[in-house]
Amino acid sequence: MKSLTSRVSLFLAVFFSVSVFFSACSSSKKEGAGDTELEIIEDIFETGSGEKITLTFCFPGDRRPSETDIGKVLEQLEVRMKGTLNYDLDFQFLGSYYSRYKIPNAINNNEPGDVYFCPSYYFYSLNREGLLLDLTELFPRYAPTYYSKFSEEDLAEVTIDGKIVAIPPNVRVAPYSTYALVRQDLMEKYNIPGIKTMEDFEHYMETIKENEPNTIPAFASSCSMFLLMQAGNYVPVFGWSIVMEYGDPEYRLMPFEQTEIFRSGIETFKRWKNQGYLTTDKDFGLSLALGTVASYIGDWESVQDIARQLRALGKFKIYPMYPDNFTYTSLTAGGCFVLSKNTKVAEHVLRFIDWLQSDQESYDLLMYGIYGEHYEMVNGEVTFPKGTIPYHGWEGSQAFANIDYVKPLAGDPPEFREILSRKTDYVDFEGLELDESLMDRVNDIDRERNRQLWEIEEGLGSGTYPDVSQFIESQRAAGIDDLIADAQRAIDQWRKNKTQ
């Protein structure tokens, strides 16, 4: 038997395909390691005077800010640090194949790079390869304020074999939460009070279909497995398609395709397509802007990205789907920071992060850019200059995210902070041990399951209507029921041990 880290082992396969941005945070305080008076004096001299120390942060190359914009922002951050910290900030964007090749190659070749943005749970494999610095003592010592934001349960997510190996953002990500982006002018025109459920969304689409002949009600990706999972209050346990019902004290596992919400949801999606509610137009962003498509459902990050491009039109509003239902949470699904085993400036990286996460204005500068140039505040919301690509939202910046400082973007729900801070929870698998061969079986079968489930989802949008019953039977032939029975026995034994 091999003991695997809780949540990392169970949810490892989930996050390689899902990247989203926000959910709730946890703030129970903890004591950091104490410094001696001599060490405090040495720290003051090291950070406040003398030769500048360069801190090199590495990020992917997609959705990068312009060199001019990031240069201006980093220059102003260095000015703000003057007299407190004496650092040169070097942000490098390494391009494609970042996770699989660029990070390990850079560390193995001892290239300049102190801290790396790490997508999802990729830090698990980097640690297995011996490439990461152990932060267990360094994190609380050199970033005590930021460290105090996290509970023991939070830190368990970035702890492997008793060692903290990553620095998480101070937001819980909810990978399966879904949101509807809709034409608010049409909501008001037809007196539709709000959208929370699939039934509400169908009423909206039906109304648009009947009264707006030149507008298609929704884009086809609204046929989302994640929407069904949230509607049924299911929690993914292995991969994203072997689930349990949230709150089930017996932790009963099942293939998602064998649940009633899956079967009824597929029929609902088929009906939407047959009634002309959905379009498969790939350029749906332009269609939304032109008014030929009236809505879109997706995760928080994708909805925000689209909404950000449409805000100048002033027509759209975001509604959280099933806001009263649970969605499980993660700190690192959107990304985190890891430090190279080769860095000589680990304490300074942590001091910088602690400084940044202790000052609203500095945080705003890095995350939103220069006020008046990259963004403005209108009625308490962040707005971006028309006709420009926003500085905000560049890939990798999500690892700096802090729920204490995040600002609403124009068009976010008024209660957006409450949305990000409620109905999320960790699923407690603390102490569960799974045989490595069982995890291998899960990973082997999950790859093929995911491929076929995505084909079903895409087929619903295209109108090809794949045979779901055939998929269920093929999975049974592949051994899904036997796999779940074996996993269930392990969970049942774990539950029994917990009560003894």
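The residues of the chain are indexed from 1 along the displayed sequence.
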Next on the checklist: Donor-acceptor check, side chain of N109 to backbone of E111, threshold 3.5 angstrom: yes or no?
Outcome noted: no
Item to check | Near-ring test F59/F91, centroid separation under 6.0 angstrom | outcome: yes
Next on the checklist: Looking at every non-hydrogen atom in both residues, tell me the closest pair between I216 and G276 and how far apart they are.
Outcome noted: CG2-O, 4.3 Å
Item to check | For A294 against Y204, the heavy-atom pair lying closest together | outcome: O-OH, 2.8 Å
Checklist entry - If you round to the nearest 0.5 Å, how far is CZ of F269 from OG of S264? => result 9.5 Å
Checklist entry - Salt bridge between R476 and D481, side-chain N to carboxylate O under 4.0 Å? => result yes
Item to check | D114 side chain vs T343 backbone, donor-acceptor pair below 3.5 Å | outcome: no
Checklist entry - Quick one: CE on M187 to CD1 on I208, what's the gap to the nearest 0.5 Å? => result 9.0 Å
Item to check | Heavy-atom donor-acceptor pair, E245 side chain to N233 backbone, under 3.5 Å | outcome: no
Item to check | Contact summary for L132 and F123, nearest pair of heavy atoms | outcome: CD1-O, 3.6 Å
Checklist entry - So, the side chain of T215 versus the backbone of G291: is there a donor-acceptor pair under 3.5 Å, distance only? => result yes
Checklist entry - CG of N108 to CD1 of I103: how many Å apart, nearest 0.5 Å? => result 11.5 Å
Next on the checklist: Please determine whether the number of non-hydrogen atoms from other residues, nucleotides or ligands lying under 6.0 Å from atom CD of E260 exceeds 12.
Outcome noted: yes
Checklist entry - Are the side chains of M229 and I261 in touch, meaning some heavy atoms are under 4.5 Å apart? => result no
Next on the checklist: Please find the pair of heavy atoms, one from C336 and one from A166, that lie closest to each other, and give the distance.
Outcome noted: SG-CB, 3.8 Å
Item to check | Residue pair M321, L227: steps toward the side-chain contact (heavy atoms from CB on, under 4.5 Å) verdict | outcome: CA-CA 8 Å; M321 298 298 290; L227 176 59; 4.0 Å; yes
Item to check | Partners meeting salt bridge (Lys or Arg N to Asp or Glu O under 4.0 Å) with E210 (sequence neighbours left out) | outcome: none
Checklist entry - Are any non-hydrogen side-chain atoms of V182 and I192 less than 4.5 angstrom apart? => result no
Checklist entry - Is there a donor-acceptor pair under 3.5 Å between the side chain of E129 and the backbone N or O of Y124? => result no
Checklist entry - Y116 and Q92: side-chain donor and acceptor closer than 3.5 Å? => result no
Next on the checklist: So that I can tick it off, tell me whether K209 and E206 are bridged by a salt bridge, with the cut-off set at under 4.0 angstrom between side-chain N and carboxylate O.
Outcome noted: no
Checklist entry - Can you tell me how far the NZ atom of K317 sits from the CD atom of Q184, to the nearest 0.5 Å? => result 5.0 Å
Next on the checklist: Using every non-hydrogen atom in the two residues, find where P140 and L135 come nearest and quote the distance to one decimal.
Outcome noted: CD-O, 4.0 Å
Checklist entry - Under 4.5 Å between any side-chain heavy atoms of R252 and M244, yes or no? => result no
Checklist entry - Any chance the rings of W272 and F201 have centres within less than 6.0 Å? => result yes
Next on the checklist: Working to the nearest 0.5 angstrom, can you tell me the gap between S151 OG and E157 CD?
Outcome noted: 10.0 Å
Checklist entry - Any sub-3.5 Å donor-acceptor pair from Q398's side-chain atoms to G396's backbone N or O? => result yes
Checklist entry - Would F256 and Y234 satisfy side-chain contact (heavy atoms from CB on, under 4.5 Å), going step by step from the backbone distance to the final call? => result CA-CA 9 Å; F256 187 47; Y234 285 102; 4.0 Å; yes
Next on the checklist: I'd like to know if D161 and K163 make a salt bridge, using a cut-off of under 4.0 Å between side-chain N and carboxylate O.
Outcome noted: no
Next on the checklist: Quick one, R271 with N274, criterion side-chain contact (heavy atoms from CB on, under 4.5 Å). Give me CA distance, side-chain angles, the key distance, then yes/no.
Outcome noted: CA-CA 5 Å; R271 186 176 71 254; N274 288 336; 5.7 Å; no
Next on the checklist: Looking at D200 and K196, is any side-chain nitrogen of the basic one under 4.0 Å from a carboxylate oxygen of the acidic one?
Outcome noted: no
Checklist entry - Between the main-chain N or O of M367 and the side-chain N or O of S397, is there a donor-acceptor pair closer than 3.5 Å? => result no
Checklist entry - Are any of the side-chain heavy atoms of I167 and L339 separated by less than 4.5 Å? => result yes
Checklist entry - With a 4.5 Å heavy-atom cut-off, do L131 and S340 have their side chains touching? => result no
Checklist entry - Can you tell me if R183 uses its side chain to pair, donor with acceptor, with the backbone of K315 under 3.5 Å? => result no
Checklist entry - Should F219 and L181 count as side-chain neighbours, where that means a heavy-atom distance under 4.5 Å? => result no
Next on the checklist: If you count heavy atoms of other groups shown closer than 6.0 angstrom to NZ of K341, is the number above 12?
Outcome noted: yes
Next on the checklist: Under 3.5 Å, is there a donor on one side chain and an acceptor on the other for N402 and Q357?
Outcome noted: yes
Next on the checklist: For a quick test of reading the model, state the closest non-hydrogen atom pair linking L288 to V293 and the distance between them.
Outcome noted: CD2-O, 3.4 Å
Next on the checklist: Could you check whether any side-chain heavy atom of L228 comes within less than 4.5 Å of a side-chain heavy atom of M198, counting everything from C-beta outward?
Outcome noted: yes
Checklist entry - Do S287 side-chain atoms and T292 backbone N/O form a donor-acceptor pair below 3.5 Å? => result no
Checklist entry - Thinking salt bridges, do R263 and E257 make one under a 4.0 Å N-O criterion? => result no
Checklist entry - Is K189 salt-bridged to E212, cutoff N-O under 4.0 Å? => result yes
Next on the checklist: Is the ring pair Y146/F139 parallel, tilted or perpendicular, if the boundaries are 30 and 60 degrees?
Outcome noted: tilted
Checklist entry - Q475 versus P255: any side-chain heavy-atom pair under 4.5 Å? => result no
Item to check | Ring-ring centroid check F400 F337, cutoff 6.0 Å | outcome: yes
Next on the checklist: According to side chain to side chain donor-acceptor pair (under 3.5 Å), who are the partners of E199, at least two apart in sequence or on a separate chain?
Outcome noted: T197
Item to check | Value rounded to 0.5 Å, distance of CG in N191 from CG in L186 | outcome: 12.0 Å
Item to check | Candidate pair D404 and K149, rule side-chain contact (heavy atoms from CB on, under 4.5 Å), full reasoning | outcome: CA-CA 10 Å; D404 296 338; K149 300 291 183 182; 3.0 Å; yes
